[in-house]
Amino acid sequence: EGSGKTTQINFLKDFFKEKSIKAVFTKEPGSSKIGGEIRSILLNKNLDLSPYAELFLIFADRSQHVEEIIKPKLSADFLVVSDRYIDSTFAYQGEGRSIGHEEISKIIKKMNFPLPDKTFLLDLPVSEGLKRAKKRAEFDRFESEEIAFHEKVRNAYLKIYEENKNRIIKIDAMKSSKKIFDEIKKNIEIEWFKRKN
Ligand code: Z5A
């Protein structure tokens, strides 16, 4: 949380516009109309959701996101940039809520979600992320979790990174926003070049 995803996505929007790259920007949870309703349940800190209720709400959101937005946009040759996706489920529900990687992996395979070509992981110490998030707004249901939960989530992301170095680019989110964007841009340009050639 608070690692600078929204900030970087805003830079990316300008960059793609400047390059006339057809792209759509989405987020999870909450990109579709139904997803918006699901998001308000998931982030409501007054609701005591069970781990599986939380997991299946996340999957319900993703299913709408994939069917309504991702698949049609990919078919129309758009580049899709999602603020959070499958890795977040492994980190938050798999590890944070202790549901387990295998269990989640089985459902993801069954639901046949398209997999990302590239993922940017903005890594930040938990205390710094929460400090930034607190400055911006009141804590939501996830941000209100104890530090141990956030540490589990961070470690899970780092493990996913170690196992998927071909796909995931890890960036030190303590750097300035500009330096982070330079790294993202450089990697997108490399990927773009590879596809064109
Ligand atoms: N969730 C889940 O459990 N399982 C799943 O499968 C999925 C999601 C898909 C959605 O939250 C929640 O859903 C999420 C997990 C759960 N948990 N939470 N909370 P979200 O993605 O909507 O919210 P978030 O992760 O907390 O992101 P955010 O609050 O929107 O933060 P951000 O977009 O990463 O950061 P930001 O808004 O760009 O920056 C935060 C502040 O830091 C702001 O004041 C900036 O000006 C500042 N900032 C940004 N970059 C920098 C740098 N480089 N240096 C210093 N300050 C900076």
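Ligands are counted one by one from 1 in listed order, and the atoms in each one are counted from 1 as well. Quantities reported herein were computed from a predicted structural model and do not represent experimental measurements.
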Quiz prompt | Nearest candidate to atom 15 (C) of ligand 1, where distance is taken over non-hydrogen atoms, out of F181, F90, Y92, Y85 | solution = Y92
Quiz item: When clusters are formed by joining ILVMFWY residues with side-chain heavy atoms under 4.5 Å apart, either directly or through shared neighbours, do L158 and I180 land in the same one?
Solution: no
Quiz item: Just checking, R97 and Y92: is the charged tip under 6.0 Å from the six-membered ring centre and within 45° of the axis?
Solution: no
Quiz prompt | Path from F120 to I9 over hydrophobic side-chain contacts below 4.5 Å | solution = yes
Quiz item: Short list, please: which atoms of ligand 1 are under 4.0 Å from a heavy atom of S177?
Solution: 50 (N), 51 (C), 52 (C), 53 (N)
Exercise. Mark the output for K27 as yes if a heavy-atom distance to ligand 1 is under 4.0 Å, and as no if none is.
Key: no
Quiz item: In terms of hydrophobic clustering (I, L, V, M, F, W, Y; side-chain heavy atoms under 4.5 Å; direct or indirect links), are V24 and I86 co-clustered?
Solution: yes
Quiz item: So, does D61 use its side chain to make a donor-acceptor pair with the main chain of L57 at under 3.5 Å?
Solution: no
Exercise. Tell me whether the guanidinium CZ or amine NZ of K45 lies under 6.0 angstrom from the six-membered ring centre of F139 and within 45° of its axis.
Key: no
Practice problem: Would you kindly specify which portion of D140 sits under 4.0 Å from ligand 1, judged on non-hydrogen atoms: side chain, backbone, both or neither? | Solution: side chain
Quiz prompt | Part of R136 within contact of ligand 1 (heavy atoms, under 4.0 Å) | solution = side chain
Quiz item: Of all the atoms in ligand 1, which lie at a distance below 4.0 Å from a heavy atom belonging to T89?
Solution: 5 (C), 6 (O)
Quiz item: Given K178, K5, E54, which has its nearest heavy atom closest to atom 32 (P) of ligand 1?
Solution: K5
Quiz item: Looking only at protein heavy atoms, which one is nearest to atom 42 (O) of ligand 1, and how far off is it?
Solution: R132 CD, 3.3 Å
Quiz item: Got a sec: does the CG of D48 have more than 12 other heavy atoms crowding it under 6.0 Å?
Solution: no
Quiz item: Which part of I58 is near ligand 1, with near meaning a heavy atom under 4.0 Å away: side chain, backbone, both or neither?
Solution: side chain
